[in-house]
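Owing to the predicted nature of the structure, the values given are computational and were not obtained by experimental measurement.
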Amino acid sequence: MKCNKCQKYFIPYVEGTLPERLQKPVEKHLSACKSCAEELAQLRQTVDVLRQTEYTAMEPAFDLRSRVMAQIAREPVRVRKSWWGAYSAAAAALLLFAVVIVSVEPVFYRVRQSSQHEYSAKRTAMKSVSPDTQALSKMPEMDERTGKPTSVVKSPAPEIKASAKGYGIKPEGTKEIAKARKSSDEFYADITPPPAAPEHPHDMAQAAYGGGQQALQAPSPMAQAERVESVPKNISVEFEDRALGKADNSKVLELERKLREFPNSRTVLMELLNAYRDAGRSEDEYAIAERLTKLDADNPQYWFARAQAAERAGKTLLAAEAYRQAIQLKIPEPDLGLAESRLEVLEKN
Amino acid sequence: MISFLLNIVDPPAKKVEKDADLDLVLRVQAGELSAFGELIDRHQRPVYGIVSRMVTSRDDADDLVQDVFVSAYKAIGSFRRDAKFSTWLHTIAVNTTLKRLKMMKRRSTVSIDDPDTGLAEIIRADDGPSPAESLQNREQNEAVRRAIDSLPDKQRMVVIMHYFEQHSCEEIAEILKCSVGTVWSRLHYACKKLRGELGWLEQGF
């Protein structure tokens, strides 16, 4: 038995739970290998220390049961049935129906495209196999996007309109575009062409509206106003709300409720601090950071978070003071470098 | 032929130990919410045993344990009887705790478990020294606890479950859904790291 294999069994060997068939090979190796024997002795000593250490767990909260039951009652919690339960067939059918409705046009588009590819392949095959150019000329070139002969192109591409309906983009937007265009060529000339087989609603939005992707990313608080400008007006309200981070409000409310229940929970305070930061609520973010530093005044990371929150809230003096505290408490890199450079900037100003 | 038919109609009992909680679980799955309260009472202590040693404050522990039981309630419909309820619940407790610790480290500028900043120190309102503890023992205990708190989360979890919650390595493997060899390996590396943190171990105690 080699050393690395023997050491795998050290823990059960020390604890006396190693299967009998493995004991002899381990003991044989230990008698021959000094370093493994030493390693085992050290491990045994450490295990003994652990066994003698007192590490008391917290007593359960006296009101845990009532709080859990209250939370279950508050949230619309239902005991999740097994996937193969009685309702799965109906749920599956409904889901299938929804998927079919949403995806039927892109599927047609892909089918058209694949038949177009097939057509092109045939044409190429004919070209290579049969030098009969007369036969080849009878097969006109097809437009890849519309699947129609290039000499007959109508606008706009119907698949854009259909998927616009499916993916929450107001149909009116596409009609406006359609009216302004005389041919699908002009239509595609001015916008980013859609991908050949878009797989995600986001891709369709980007294809139709060019710079829409920027609007769909979570905005930083500082750039929030600019992001609003970049969201095209004919994008649905749902997209706009998501772009502005309003979907996060419910998370903030939930965390605030939790904080009322657990006012000194560092976990909740940290989550709420991050949520406020993401939502651009710098005053609230600062208040939470301040609370954290009061709970643990020797924690440099809390002071650093407080400094950053103060800066975002425009409290430059308080930010400088908090950076000083973080540096004094020896905040580790890379935050140390950042704190020092920010402090220098604030002191100059 | 008759015995074959009997095996189909009344199959022999599984070798799995009979689960004392099964009756309550079935009642919860049938919609009886009060039965879940009984399960909370039965299992809150071991769940606190795992969770409260992984987090730093009382409020954090209470919050996390509450989340564990709410998650268990939401998922109880999918509880299959091929494991004990306690094993299943402890899996939820472990996963919820590790996920929360990971999320806190990833999302915030504050490193909750960074030993260098002192965040790994336990701040317990109700954890004072017991009267029987001598000063030396108290200091030793504190040093060991601090060293345990500085371990990586997964190693810390197995150390806590094995040495302080008295789970066997086989039970831990079932809870963590890994092999028993993985549990042995994590314990081994944890002990090596602890030895490195606790220099006085070299001199004995």
Side-chain angles (χ1 to χ4, degrees), chain A residues 7-12 15 17 42-43 45-47 49-51 53-61 64-65 67-69 71-73 75 77-83 85 258 261-268 270-271 273-274 292 296 298-302 304-305 308 329-332 335, chain B residues 28-29 31 33 37 40-41 44-45 48-49 52-53 55-66 69-70 73-78 100 104 107-112 114 116-119 124 126-127 130 133 141 144-145 148 159 163-164 169 181 184-185 187-188 191 194-195 198 201 205:
Chain A
Q7 289 185 13
K8 268 171 59 176
Y9 301 118
F10 275 5
I11 288 285
E15 296 182 351
T17 55
Q42 290 175 357
L43 181 67
Q45 196 183 20
T46 310
V47 168
V49 167
L50 283 171
R51 281 177 174 159
T53 299
E54 273 189 45
Y55 196 154
T56 322
M58 291 179 198
E59 281 295 310
L64 172 68
R65 179 175 172 162
R67 280 194 283 107
V68 171
M69 303 306 261
Q71 188 171 344
I72 289 170
E75 291 177 17
V77 174
R78 280 186 192 168
V79 172
R80 280 207 307 262
K81 300 282 182 188
S82 170
W83 178 246
K258 255 189 168 179
E261 224 174 318
F262 304 106
N264 294 323
S265 166
R266 284 154 181 77
T267 314
V268 176
M270 280 310 309
E271 283 189 67
L273 181 137
N274 292 332
L292 278 166
D296 188 356
D298 293 331
N299 188 321
Q301 295 282 10
Y302 289 162
F304 184 74
Q308 291 196 310
L329 291 167
K330 295 181 184 158
I331 188 167
D335 294 335
Chain B
V28 175
Q29 287 177 337
L33 185 56
I40 294 173
D41 288 344
Q44 58 182 335
R45 199 168 281 276
Y48 260 95
S52 67
R53 294 182 177 107
V55 295
T56 54
S57 82
R58 175 84 221 185
D59 277 358
D60 285 340
D62 289 344
D63 177 32
L64 209 39
V65 171
Q66 186 174 324
F69 280 105
V70 171
Y73 178 76
K74 286 179 185 175
I76 204 161
S78 62
R100 180 75 71 87
M104 292 307 300
R107 289 190 61 197
S108 72
T109 57
V110 179
S111 173
I112 297 292
D114 186 346
D116 294 333
T117 64
L119 285 169
R124 298 173 189 277
D126 55 347
D127 185 28
S130 66
E133 262 188 305
N141 275 331
V144 176
R145 285 196 293 259
I148 292 170
V159 165
Y163 293 111
F164 301 102
C169 292
W184 291 340
S185 172
L187 285 171
H188 190 172
C191 287
L194 286 171
R195 193 178 176 81
L198 302 168
L201 267 180
F205 62 96

Original post:
Checking heavy atoms, do the side chain of B:Leu64, its backbone, both or neither come under 4.5 Å from chain A?
Top reply: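 Contact with chain A is absent: no heavy atom of B:Leu64 under 4.5 Å.
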
Original post:
With a 4.5 angstrom heavy-atom cut-off, which part of B:Asp41 approaches chain A: side chain, backbone, both or neither?
Top reply: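 Side chain of B:Asp41 only, per the 4.5 Å heavy-atom cut-off to chain A.
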
Could you tell me whether the side chain of [Y] reaches within less than 4.5 Å of the side chain of [X], counting heavy atoms only?
{"X": "A:Glu59", "Y": "B:Arg45", "result": "yes"}
{"X": "B:Tyr48", "Y": "A:Leu64", "result": "yes"}
{"X": "A:Leu50", "Y": "B:Val144", "result": "yes"}
{"X": "A:Ile72", "Y": "B:Leu33", "result": "yes"}
{"X": "B:Asp63", "Y": "A:Lys258", "result": "yes"}

**OP:** Apply the test side-chain hydrogen bond (donor to acceptor under 3.5 Å, both in side chains) to residues B:Gln44 and A:Arg65: give CA-CA distance (whole Å), side-chain angles for both, the deciding distance (0.1 Å), then the verdict.
**Re:** CA-CA 9 Å; B:Gln44 58 182 335; A:Arg65 179 175 172 162; over 6 Å; no

**OP:** Taking all non-hydrogen atoms of both residues into account, name the closest pair between A:Gln71 and B:Gln66 and its distance.
**Re:**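 Smallest heavy-atom distance, with atoms named: OE1-NE2, 2.5 Å.
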
**OP:** Check B:Cys169 against A:Glu15 and note the closest heavy-atom contact, atom names and distance.
**Re:**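 Where B:Cys169 meets A:Glu15 most closely, the heavy atoms are SG-OE1, 4.4 Å.
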
Original post:
Stepwise, does the side chain to side chain contact (heavy atoms under 4.5 Å, CB included) test hold for A:Phe262 with B:Asp60?
Top reply: CA-CA 8 Å; A:Phe262 304 106; B:Asp60 285 340; over 6 Å; no

Subject >> Gap between atom CD1 of B:Ile40 and atom CZ of A:Arg67 - 0.5 Å precision >> reply: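 Answer for the CZ-CD1 pair, A:Arg67 versus B:Ile40, is 10.0 Å.
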
Original post:
A:Gln7 versus chain B, heavy atoms under 4.5 Å apart: side chain, backbone, both or neither?
Top reply: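 For A:Gln7, the contact with chain B is made by backbone and side chain together.
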
